[in-house]
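In what follows, chains are A, B, ... by sequence order, proteins preceding strands, each numbered from 1. These figures come from a predicted structure and were not determined experimentally.
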Amino acid sequence: MKTNLQILDCDYVIVNGKPVVRIFGKTEEGESVCAFYEGFLPYFYLDVDSDHDINDVKFEIEEQGLSAHIVEKFLPLGYSEKPKKIIKIIGRDPSKTPEIREWSKQFGTPYEADILFKYRFMVDFGLRGMGWAEVDGNPARTHTVKCKAIEIKTIKPIDVIKNATLKYLAIDTETVVIQKEGLADFSRDPINMISMVFSHEHKGKKSIVLLTKNTIAKDTIICKDEKEMLTKFKDILIDYDPDILVGYNMENYDMPYILKRMEVLNIPRDIGRSEKQSFTRKYGMTQRTTISGRAIVDPYYIVRYLSVYDQPHKFVRFDLNTVSKTLLGKTKIDVGGWREMAKLWKGSSEDLAKFIEYCKVDSELALELVTSHKLVDMNKFIEMSKLSGLIFEDLMTGQAARHENALLHELKKRNYVMPCKPKRITDASDEIKYKGATVLEPDVGFHADGCVLVLDFKSMYPSMIMHYNICPTTLLKDKEKYKEEQFRLSPINAAFVKKDLKEGIFPYVARYYFDTRFEVKGLMKKERDEEALRILDAKQYALKGMLVSLYGYTGFAAGKFFQPEVAASITSWGRENIAKTKKLVEENFPVKVVYGDTDSVFVKTGINDLDQASQLGEEIAKFVTDRLEGLELQNEKLFKRFLILAKKRYAGWAFEKVDGVWKDKIAMKGIETVRRDWCKLTTKTMRKVLETILKEGDVSKAAKIVRNVAHDISKGTVILDELAIVKGVTKSVDQYDGVVPHVELAKKIMQRDPSRGNMIGERLGYVIIKGNQLVSKRAEDPAYVKEKGLEIDPAYYIQNQVMPPLERIFEVCGISSSELLEGSRQRSFGDIFGKMDPPDKTVLKCFDHVVCKKCHWEFRRPTLNGHCPECGSALYFSGNGSMGKFVEFEN
DNA sequence: TGATAGCGGGG
DNA sequence: GTGTACGCTATCA
């Protein structure tokens, strides 16, 4: 009987002393199945040192009760002309392999001795995570798995483009904290409520909330205690049988909490598709839960750790409310803090109903984030899985694992063996620092006249890997033995055999990713079906990801293929190319290269007309491409105006032609306009200033904007909310060492209202008010400020909030910060502030430098706590900085 | 200038 | 489980 299944998970169990591989998957009809394979044994290879005889070693291995065969394989680190005779050691129990590996090291170097058994099996059978397999076999008799079981006779990969329908279950738990500790503690606090939201209706319901309290709210299950609730939760989960569990910060909170409570209450934790107990492990700050046959997708993890360039939105805060408001246009139900939750739980039936709804909505939002394509298209993960061969849940463990698994498939086809991971990185020599890419010295300043062209090499590093055949398997460690025409020398003198002798594995995979992506993009142009298009887009995305991270992997010291010469050669060729490009461009065109980074050059022209400038860009791109081997320089975009502050810090008014029409935007790199420790006013001013400088080219107008903002601040006409900075209280207020604004505010609030408790876990927005105390001590609640009619401290906001990010921008435009605020006629803050003299005797003048009275240390601006960062003791700053300007605080 | 400590999300 | 583990900002030396 034949069954097609898409592979979700894979593990093994020991039955009668022998491993049995289990493949968990879904059929085309959406049925979950588990296929068992018996008779596959763990093995690895041993390259015997020259001071041992291979047959003697084989005998020694057999003496240990293991079987050993002599096989011929290519060794992968350094070019090998011919395969070498090495020993294949076959064991019985996968878990014993590390022990055998260590023992075998006395005879030589082991290979493929650290490959997980599931991947050993999958690679040998050509199977990939999320890939399809055709299984021929009969129903198996077993009680260990909770789905249809098949005993595999044969299994082989098959090509199916469609994906099986995945079932999602979103979960959210609520725990009412009794003691005033802020966060729940699993050793003490029981779970009060669990919501379960189904992607596919379950028994006619879209969702269920389980709780340990009476309620009349619908779609709820009332349980007599936590034990009954968790047991029912498990029963429903198993009955619904989801493939993917979803929850916001579930990986770090809900899942570990649920499992810990189940443990406390003696409920078996077999919530996966087999008898295996689910468990959570801690890795430093992050935790990981394993559930056999299922995967966890945590939208918090995605929003937090997926590269910002892959995301539809750059977030400053990552809480569920912010994320779903931005991406879905939906918000959480507002119930306030944990104190209010406790009130709702103990309150009226309406209170409880609200709490139940809150819990349900959290799950719904998490589910929608994952399934709506608004945050990330799940097809992308499926395609990454298919490409790397990793099963779904291992995808998040990083790029290296993806490359290594993909490479293992390729090595096997070519009769190569895979190196083991290099031994731990202890001594400093392992922190091998090789020279990186070139960042051309920027021509700092504001380039307002004449377009700046941005030209970059298309996939520079992958192209070089392909063109120069750069690979651990083509690296010649003994180049003296080869003829010069057989290899190519990199600028750092590493030799790689030419492609006609043998194409390296890295160049091959780069070429495969490159060509396939090109094909997929071609298919996308013709595809009309929306879902098919999404899958194709996900595929090209996954290919791009592998392509761009390949170089990084060669430089990853903990990588199995790490050879410093390989990574160093790639960057050395890169540096050579960029230097050549700069020369070619400047010697043959009437332009100047004003900046460049890794694979790009920024070319300043004397042309203001977009079309003409772009035309020149095309000519330059073609000229350089014709003169450099294996690389293509492309005319990417141009800046009508360009502001560069330093290496990797610039902004420009960018133009790109889309379907024959010029489209513009402000492009920025290394210059931030949003940061969580900036108030809204700073962000707004920053944006306005950049727009004015770049779009209007008017620096003095931009300066005027800043002066106006300073004016508004000093006159107190700015909305308080725009000045507030939000920070969280993370521990008890007396546990803080330094003097920090939000903690000082927390102390004040606690004094005013003792019922607020210890404030741990609360986020406080604060503004700095006038006064002669330390800045931090003057932090105040905006609402309180409004109520009492207090005044904010204008000097603080100008100096410490609005000015810092702007100073450098104006400086490179030729306006110092003192000039900026003083304007042409005004001479001091007094003038800017009008007649308003600070009432508290704080004399404030200008602030190019601040000098500590005690140790005479100079720094840019007064510190928040009023202490000198150098000698620590001084509370007074005064004197004149090198510019003759000064700030003085009198306490 | 560079290394390291702290923190987020969850309730 | 034949393993591997974030990334940024603030703050210190």
Side-chain angles (χ1 to χ4, degrees), chain A residues 11-12 19 42-44 89 91 93-102 110-121 172-178 181-186 189 191-193 247-257 276 279 281-288 290 298-301 303-308 315-323 335-342 345 355 358-359 362 366 390 394 396-402 404-405 420-421 558-560 672 675-677 727-728 730-731 736-738 740 760-763 863-865 869-870 872:
Chain A
D11 70 359
Y12 76 95
Y43 66 88
F44 68 93
I89 304 173
D93 181 351
S95 68
K96 295 288 193 309
T97 307
E99 200 183 299
I100 303 167
R101 173 186 67 209
E102 294 311 310
Y111 284 84
E112 304 192 4
D114 52 4
I115 291 162
L116 296 192
F117 191 57
K118 61 184 173 193
Y119 289 119
R120 170 91 290 160
F121 176 82
D172 185 43
T173 62
E174 306 298 336
T175 300
V176 173
V177 182
I178 306 139
E181 292 286 324
L183 256 180
D185 173 357
F186 60 76
D189 304 320
I191 299 172
N192 303 71
M193 210 186 279
Y248 206 78
N249 202 25
M250 171 193 246
E251 196 115 53
N252 267 306
Y253 181 76
D254 297 84
M255 233 34 237
Y257 207 104
K276 281 196 178 164
F279 62 98
R281 273 192 294 179
K282 241 189 172 149
Y283 301 101
M285 260 341 275
T286 45
Q287 306 185 67
R288 207 84 202 285
T290 314
D298 186 338
Y300 169 69
Y301 189 90
V303 88
R304 200 68 226 264
Y305 299 119
L306 219 63
S307 156
V308 289
F315 290 99
V316 190
R317 295 200 57 217
F318 301 91
D319 56 298
L320 177 59
N321 199 45
T322 307
V323 173
V335 298
W338 57 272
R339 211 176 303 276
E340 286 75 17
M341 287 184 182
W345 178 250
F355 198 23
Y358 167 86
C359 182
D362 277 11
L390 293 178
D394 290 337
M396 301 300 177
T397 67
Q399 290 287 350
R402 294 182 205 172
E404 283 170 358
N405 206 250
C420 290
K421 178 184 273 299
K560 292 185 175 182
E672 285 176 297
R675 263 172 59 168
R676 70 158 72 187
D677 52 348
K727 280 202 175 132
T730 54
K731 50 188 177 185
Y736 283 84
D737 293 331
V740 241
I760 296 172
E762 298 205 37
R763 320 193 117 264
T863 51
L864 278 182
N865 62 10
E870 186 58 20

Would you mind reading off the distance between [X] atom [atom1] and [N] atom [atom2], rounded to a whole angstrom?
{"X": "A/F117", "N": "C/dT2", "atom1": "CZ", "atom2": "C1'", "result": "10 Å"}
{"X": "A/K118", "N": "C/dT2", "atom1": "NZ", "atom2": "P", "result": "8 Å"}
{"X": "A/N249", "N": "B/dG9", "atom1": "CG", "atom2": "P", "result": "9 Å"}
{"X": "A/Y248", "N": "B/dG10", "atom1": "OH", "atom2": "C1'", "result": "10 Å"}
{"X": "A/F315", "N": "C/dT9", "atom1": "CZ", "atom2": "C1'", "result": "20 Å"}
{"X": "A/Q287", "N": "B/dG9", "atom1": "CD", "atom2": "P", "result": "16 Å"}
{"X": "A/D114", "N": "C/dT2", "atom1": "CG", "atom2": "C1'", "result": "7 Å"}

query: Taking it one step at a time, do A/I115 and A/K560 satisfy side chain to side chain contact (heavy atoms under 4.5 Å, CB included)?
result: CA-CA 11 Å; A/I115 291 162; A/K560 292 185 175 182; 4.0 Å; yes
task: With salt bridge (charged side-chain N to carboxylate O under 4.0 Å, His left out) as the test, would you mind laying out the steps for A/E404 and A/K421 before giving the verdict?
output: CA-CA 10 Å; A/E404 283 170 358; A/K421 178 184 273 299; 5.2 Å; no
Side-chain H-bond candidate by donor/acceptor type, [X] with [Y], under 3.5 Å:
{"X": "A/N192", "Y": "A/T175", "result": "no"}
{"X": "A/D254", "Y": "A/Y248", "result": "no"}
{"X": "A/T397", "Y": "A/D394", "result": "no"}

May I ask you to say what [X] touches in the nucleic acid, namely base, sugar-phosphate or nothing, with a heavy-atom cut-off under 4.0 Å?
{"X": "A/D298", "result": "nothing"}
{"X": "A/F318", "result": "sugar-phosphate"}
{"X": "A/P98", "result": "sugar-phosphate"}
{"X": "A/R120", "result": "base"}
{"X": "A/T290", "result": "nothing"}
{"X": "A/D362", "result": "sugar-phosphate"}
{"X": "A/L320", "result": "sugar-phosphate"}
{"X": "A/Y43", "result": "base"}

Closest to the [X] side chain, choosing from [options]:
{"X": "A/Y300", "options": "C/dT9, B/dG8, C/dT2", "value": "B/dG8"}
{"X": "A/R317", "options": "B/dG9, B/dG10, C/dT2", "value": "B/dG9"}
{"X": "A/R675", "options": "C/dT9, B/dG10, C/dT2", "value": "C/dT9"}

Do any N or O atoms of the protein come closer than 3.5 Å to N or O atoms of nucleotides 4-8 of chain C, and which pairs are they?
unit_1, atom_1, unit_2, atom_2, d
C/dA5, N6, A/Y283, OH, 2.0
C/dA5, N1, A/Y283, OH, 3.1
C/dC6, O2, A/Y305, OH, 3.0

Atom P, compared across C/dA5 and B/dG10: separation rounded to whole Å: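 The answer is 27 Å between these two P atoms.
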- prompt: Does A/D298 reach the main-chain N or O of A/E251 with its side chain, forming a donor-acceptor pair under 3.5 Å?
  reply: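 Looks like yes, one N/O pair under 3.5 Å.
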- request: Look at the side chain of A/Y257 and the backbone N and O of A/D185, then say whether any donor-acceptor pair between them is shorter than 3.5 Å.
  value: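 A pair under 3.5 Å: yes.
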task: Check salt bridge (Lys or Arg N to Asp or Glu O under 4.0 Å) between A/D93 and all other residues, then give those that pass, not counting sequence neighbours.
output: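 A/D93 satisfies salt bridge (Lys or Arg N to Asp or Glu O under 4.0 Å) with A/K96 only.
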query: Taking OP1 and OP2 of C/dT2, is either one under 4.0 Å from a side-chain nitrogen or oxygen of A/Y12?
result: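 So the side chain of A/Y12 is within the cut-off, an N or O lying under 4.0 Å from OP1 or OP2 of C/dT2.
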